[in-house]
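Single-structure report; data block below.
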Amino acid sequence: MDYVIIVAGGKGLRMGSDVPKQFLPLGGVPVLMRTISRFAGAMPRAGIILVLPESQHDYWDSLCRHHSFDVEHTVTAGGDTRFASSRNGLLAIPADADGLVGIHDGVRPFVSEEVIHRCYAAAREHGAAIPVVPVTDTLRLVGADGGGHNVRRDSYRVVQTPQVFDIALARRAFDRPYSPSFTDDASVIEASGHGVAMVDGNRENIKITTPSDLIIAESLLKVCP
């Protein structure tokens, strides 16, 4: 059986809102519900694990009742870091599970079903896979003296989620102390010595973290309902 861990630990600081960003309405529906529904539609037999700060569990329950949200999922407590939250999500998977697990940002509600399937298929073959998109802006490397120079953007990719791994591999990789070098879940896997395959992501799969992102997301609803 495959799983997906939805990590939603935001506090809304960059959004400038008292309501954490994962709970903000998008087309009248909380962002987090749209994200969970996307995976439920793409992988109806997968186990869905939601990682939330414990202080937000009651609020989430009330939102589910208010919106009659009945997608089956398990809720577990988040940690102080993304690494700790992902590890808590992995601990919520049954000990005898031997499939794949995807780890996805709760505020990325526009990941396409095609990308989800592509990530899981690649992880089934390679053990680990992430979705990426090409860089379109010019990139400049800044030196210690404040100067810098442009670098070839075709040598870089923007990393998205879900990042999908063999469950046993993920458990071994996350059974280590936290390091500041763990900038995402794939970096934890790579620290264990295992390579990570890349697949094409979808550019609409934005991470909603600022007020301008929310405006863009409302527009995306017209083409990615």
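Residues take their numbers from the sequence shown, with the count starting at 1.
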Quick one: does any side-chain atom of [X] pair with a main-chain N or O of [Y] as donor and acceptor, under 3.5 Å?
X	Y	answer
Gln160	Val132	no
Tyr120	Gly102	yes
Thr74	Ile49	no
Asp105	Ile6	no
Asn88	Ala77	yes
His57	Val75	no
Thr35	Val31	yes

Does any non-hydrogen side-chain atom of [Y] lie less than 4.5 Å from one of [X]?
X	Y	result
Leu50	Leu32	yes
Ile167	Ile93	yes
Val135	Arg157	no
Phe39	Val111	yes
Gln56	Pro20	yes
Ile130	Cys119	no
Ile48	Val71	yes
Trp60	Met33	yes

[X] and [Y]: same hydrophobic cluster, using ILVMFWY side-chain contacts below 4.5 Å?
X	Y	result
Ile36	Val19	yes
Leu100	Val51	no
Val7	Val164	no
Leu90	Tyr3	yes

What is the minimum heavy-atom distance between [X] and [Y], and which atoms define it?
X	Y	result
Arg108	Thr161	CD-OG1, 3.2 Å
Cys64	His73	SG-CE1, 4.4 Å
Ser181	Ser187	O-OG, 3.8 Å
Phe69	Ser37	CE1-OG, 3.4 Å
Gly201	Val115	C-CG2, 3.6 Å
Ile216	Ile206	CG2-CD1, 3.9 Å

Q | Contacts of type ring pair (Phe, Tyr, Trp, His ring centres under 6.0 Å), residue Tyr156, not counting sequence neighbours | A | none

Q. For Phe174, which residues count as a ring pair (Phe, Tyr, Trp, His ring centres under 6.0 Å) partner, sequence neighbours excluded?
A.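 Counting only residues at least two positions away or on another chain, Phe174 forms a ring pair (Phe, Tyr, Trp, His ring centres under 6.0 Å) with Phe83.
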
Rounded to the nearest 0.5 Å, what's the gap from [atom1] on [X] to [atom2] on [Y]? Could you check?
X	Y	atom1	atom2	answer
Phe182	Ser86	CZ	OG	11.5 Å
Met1	Asp98	CE	CG	11.5 Å
Tyr59	Gln22	OH	CD	10.0 Å
Ile5	Ile103	CD1	CD1	4.5 Å
Arg153	Leu139	CZ	CG	8.0 Å
Asn205	Ser112	CG	OG	7.5 Å

**Q.** Those residues that, when tested against Arg203, pass salt bridge (Lys or Arg N to Asp or Glu O under 4.0 Å) (two or more places apart)
**A.**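 So Arg203 forms no salt bridge (Lys or Arg N to Asp or Glu O under 4.0 Å) with any residue.
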
Ion pair present between [X] and [Y], side-chain N to carboxylate O less than 4.0 angstrom?
X	Y	answer
Arg171	Asp166	no
Asp2	Arg124	yes
Asp185	Arg82	yes

Can you give me every donor-acceptor pair (side chain of residues 218-225, partner residue at least two apart or in another chain, under 3.5 Å) with its distance?
| unit_1 | atom_1 | unit_2 | atom_2 | d |
| --- | --- | --- | --- | --- |
| Glu218 | OE1 | Gly27 | N | 3.4 |
| Glu218 | OE2 | Gly27 | N | 3.3 |

Are there more than 12 heavy atoms of other residues, nucleotides or ligands under 6.0 Å from atom [atom1] of [X]?
X	atom1	answer
Asp58	CG	no
Asp80	CG	no
His66	NE2	no
Arg45	CZ	no

Q | Check against side chain to side chain contact (heavy atoms under 4.5 Å, CB included), Thr76 and Leu91 | A | CA-CA 9 Å; Thr76 192; Leu91 290 172; over 6 Å; no

Q) What's the verdict on side chain to side chain contact (heavy atoms under 4.5 Å, CB included) for Ile116 and Met43, showing C-alpha distance, side-chain angles and the deciding distance? A) CA-CA 9 Å; Ile116 293 171; Met43 304 172 60; 3.6 Å; yes

Quiz: residues 188-199 side-chain donor-acceptor pairs under 3.5 angstrom, not counting sequence neighbours:
| unit_1 | atom_1 | unit_2 | atom_2 | d |
| --- | --- | --- | --- | --- |
| Ser192 | OG | Ile189 | O | 2.5 |

Q.
Taking side chain to side chain donor-acceptor pair (under 3.5 Å) as the definition, give me every residue that meets it alongside Asp96, ordered by chain and number, with sequence neighbours left out.
A. none

Q. Passes side chain to side chain donor-acceptor pair (under 3.5 Å), Asn202 versus Glu114? Steps please.
A. CA-CA 9 Å; Asn202 64 297; Glu114 292 79 11; over 6 Å; no

Q: Walk me through it: do Thr210 and Asp213 pass the test side chain to side chain donor-acceptor pair (under 3.5 Å)?
A: CA-CA 5 Å; Thr210 66; Asp213 293 334; 3.1 Å; yes

